[in-house]
Peer 1: 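Sending over a structure as structure tokens; questions will come in a sec.
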2 protein chains.
Amino acid sequence: MAERRARTRLSPELIIDAAFRVSERGGAQSLTFQAIGAELGAHPTALYRHFRDRDELMLALIDALHAEALDGAPEPSDDWAADLAEMARRTHRVFLRHPQVAQFSGVRTARRTNEFRKVDRVIGCMRRAGFTDVDAARYYRVFSDFVLAYAAQDAALAALDPRTREGDLTAWQVDYRILPEGRYPHIDAVSGVLPALDDPANFETALELILDALRARAERARP
Amino acid sequence: MAERRARTRLSPELIIDAAFRVSERGGAQSLTFQAIGAELGAHPTALYRHFRDRDELMLALIDALHAEALDGAPEPSDDWAADLAEMARRTHRVFLRHPQVAQFSGVRTARRTNEFRKVDRVIGCMRRAGFTDVDAARYYRVFSDFVLAYAAQDAALAALDPRTREGDLTAWQVDYRILPEGRYPHIDAVSGVLPALDDPANFETALELILDALRARAERARP
DNA sequence: GGTGAATGTCACGGGCATTGACATGGGTCC
DNA sequence: GGACCCATGTCAATGCCCGTGACATTCACC
């Protein structure tokens with residue numbers, strides 16, 4: 001079959017690349033074996049020769065996100081909090097760049113090398129902050145899960161199909177302003193200045209809050 | 001048809017109850033029209049008479065979660081931070097009680113009465129803290145989204161099908177302890193004391209950090 | 001008792017993940 | 001060079017799912 005010969009051979013890397021291409025182009029739920037197969041000019045089931053099932057492919061894609069976030073990250077500095085902020089912002093940015101994949105990455109432990117690298121760096125920051133190992137471990141877990149959860153949520157919002165997304169976003173701009181008079185006094189008071197759901201400043205503010213608190217605790221932890 | 005007459009009539013409430021029953025019983029992805037229909041002894045497509053599509057049903061279920069979280073909540077006290085903590089813990093608890101539904105609730109704006117009630121209360125706390133309306137609106141959004149994101153992530157973990165979940169949880173207890181010697185020094189140092197992914201203390205710690213930071217900012221905001 | 005709207009049922013179309021049987025082609029060993 | 005094997009790709013089929021449109025039944029109201 002000439003067609004087959006012309007095509008380059010499939011490989012996990014090619015498949016992952018194709019998956020990202022599909023995910024960027026595609027609306028909600030576009031990340032199917034059919035679509036990835038079509039992108040490669042291959043039969044959908046051919047992918048099963050390289051990934052046992054959908055879950056394994058997703059874990060590989062998630063690890064690729066971690067890799068992209070780490071890629072080109074500056075070396076650890078002497079400001080542990082700034083380093084944490086840098087890692088967090090990179091993660092958030094990468095997640096928004098690949099929302100279709102990122103929306104699922106909050107919960108899953110990829111168990112792959114790039115995840116290990118990231119975990120190691122964050123724990124390193126916490127130890128440099130002067131926390132005991134027990135506290136460093138706890139704060140690593142809380143900080144990372146916070147970043148993952150918040151970033152995955154932003155990604156999920158970005159990954160909604162446009163119609164639904166529009167509805168949710170305008171709900172905050174419209175529905176909330178025409179509520180029954182007086183029933184929700186606090187909403188009334190601030191409805192004009194509510195930040196949009198997808199305002200990037202939200203993540204930034206949350207990050208600052210967490211880092212403020214960690215800095216305060218780190219000071220208390222030191223002599 | 002005797003069967004039909006014997007059955008009570010369907011209604012949105014009955015369907016929602018059945019959906020929660022199914023979701024509690026069921027493994028991952030169990031929340032299908034087929035399953036809910038079977039639970040009610042009705043044809044799956046009968047549900048379409050009461051909910052336009054799956055999305056509308058999900059929004060109703062999500063709003064039911066908000067209602068359950070509000071249900072029996074104590075009246076606002078004079079300690080705004082404690083009130084926020086109370087709301088957050090209630091949300092987290094309810095989400096873990098209904099993980100199959102809650103895992104999707106992070107992103108979606110339900111746009112229904114119980115959501116409005118919750119929003120109003122949180123904004124009220126922020127205003128009592130002494131923030132300007134602009135700050136109150138911003139901190140409301142950040143605080144609520146943080147709680148939703150973190151709680152939804154915990155729920156998503158709880159909602160994973162048991163096999164996958166087991167794999168992810170033990171990864172942290174096993175895989176992370178047998179990494180190549182010396183490559184990840186910080187992981188090595190704390191691997192013995194890493195909190196489990198599903199340790200409820202994680203959420204508590206994250207909540208304390210955010211509230212610490214908000215209290216500090218509220219003090220600065222006042223005369 | 002008659003009528004129209006609301007509700008339930010049915011058959012079906014179109015997607016999807018995954019499996020198992022089969023084909024093919026490149027590399028290996030004699 | 002030839003026989004053989006294994007990795008890879010293809011195909012057909014299974015089983016689940018959401019959602020639609022045509023049809024039947026019930027109920028409230030007149």
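Here is how names work: the chains are called A, B, and so on, in the same order as the sequence lines, proteins then strands, and each is numbered from 1.
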Peer 1: Would you indicate, yes or no, if dG8(C) has its OP1 or OP2 atom less than 4.0 angstrom from a side-chain nitrogen or oxygen of Arg49(B)?
Peer 2: no
Peer 1: In this structure, how many angstroms lie between the C1' atom of dG9(D) and the OH atom of Tyr48(A), rounded?
Peer 2: 15 Å
Peer 1: How many whole angstroms separate atom CZ of Arg9(A) from atom C1' of dG27(C)?
Peer 2: 10 Å
Peer 1: Look at the aromatic rings of Phe203(B) and Phe146(B) and report parallel, tilted or perpendicular, splitting at 30° and 60°.
Peer 2: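 Judged by the thresholds at 30° and 60°, the geometry between Phe203(B) and Phe146(B) is parallel.
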Peer 1: Give a yes/no answer on whether the side chain of Gln34(A) brings an N or O atom under 4.0 Å of OP1 or OP2 in dG15(C).
Peer 2: no
Peer 1: Take the protein atom CG of Leu10(A) and the nucleotide atom C1' of dG26(C), then report the distance between them rounded to whole Å.
Peer 2: 16 Å
Peer 1: Angle, rounded to 10°, between the helical axes spanning five pairs at each terminus of the helix from dG1(C)-dC30(D) to dC30(C)-dG1(D)?
Peer 2: 10°
Peer 1: Rounded to whole angstroms, how far apart are CZ on Phe33(A) and C1' on dT10(D)?
Peer 2: 16 Å
Peer 1: Is the count of non-hydrogen atoms from other residues, nucleotides or ligands lying under 6.0 Å from Arg183(A) atom CZ greater than 12?
Peer 2: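 No, because the 6.0 Å sphere around CZ of Arg183(A) holds 12 heavy atoms or fewer from other groups.
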Peer 1: So for atom CD, which belongs to Glu24(A), do other residues, nucleotides or ligands contribute more than 12 heavy atoms lying within a distance under 6.0 Å?
Peer 2: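 Enclosed.
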Peer 1: Expressed as a whole number of angstroms, how long is the span from Leu40(A):CG to dT8(D):C1'?
Peer 2: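 These atoms are roughly 14 Å apart.
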Peer 1: Whole angstrom is fine here: how far is it from NE2 in His43(A) over to C1' in dT18(C)?
Peer 2: 12 Å
Peer 1: If you take all heavy atoms of Asp120(A) and His186(B), which pair is closest and at what distance?
Peer 2: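 That would be OD1-N, 3.0 Å.
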Peer 1: If you apply the rule ring pair (Phe, Tyr, Trp, His ring centres under 6.0 Å), what do you find for Tyr150(B) with Tyr150(A), and how did you get there?
Peer 2: CA-CA 7 Å; Tyr150(B) 210 113; Tyr150(A) 209 113; over 10 Å; no
Peer 1: Donor-acceptor pair under 3.5 Å: do we get one between Thr45(A)'s side chain and the base of dC11(D)?
Peer 2: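 Present.
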Peer 1: Charged N to carboxylate O below 4.0 Å: is that the case for Asp83(B) and Arg121(B)?
Peer 2: no
Peer 1: May I ask you to verify if any side-chain N or O of Thr32(B) is less than 4.0 angstrom from the OP1 or OP2 atom of dC17(D)?
Peer 2: yes
Peer 1: Using heavy-atom distances to pick each residue's nearest nucleotide on DNA chain D, tell me which of Arg52(B) and Ser30(B) is more 5'.
Peer 2: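 Nearest nucleotide further toward 5': that of Ser30(B).
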Peer 1: Counting just side-chain N and O atoms, does His50(B) come under 4.0 Å of either OP1 or OP2 of dG8(C)?
Peer 2: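 True: His50(B) side-chain N/O within range (under 4.0 Å) of dG8(C) OP1/OP2.
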Peer 1: Have His92(B) and Glu204(B) got a donor and an acceptor in their side chains that come within less than 3.5 Å?
Peer 2: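 No, Glu204(B) and His92(B) have no side-chain donor paired with an acceptor closer than 3.5 Å.
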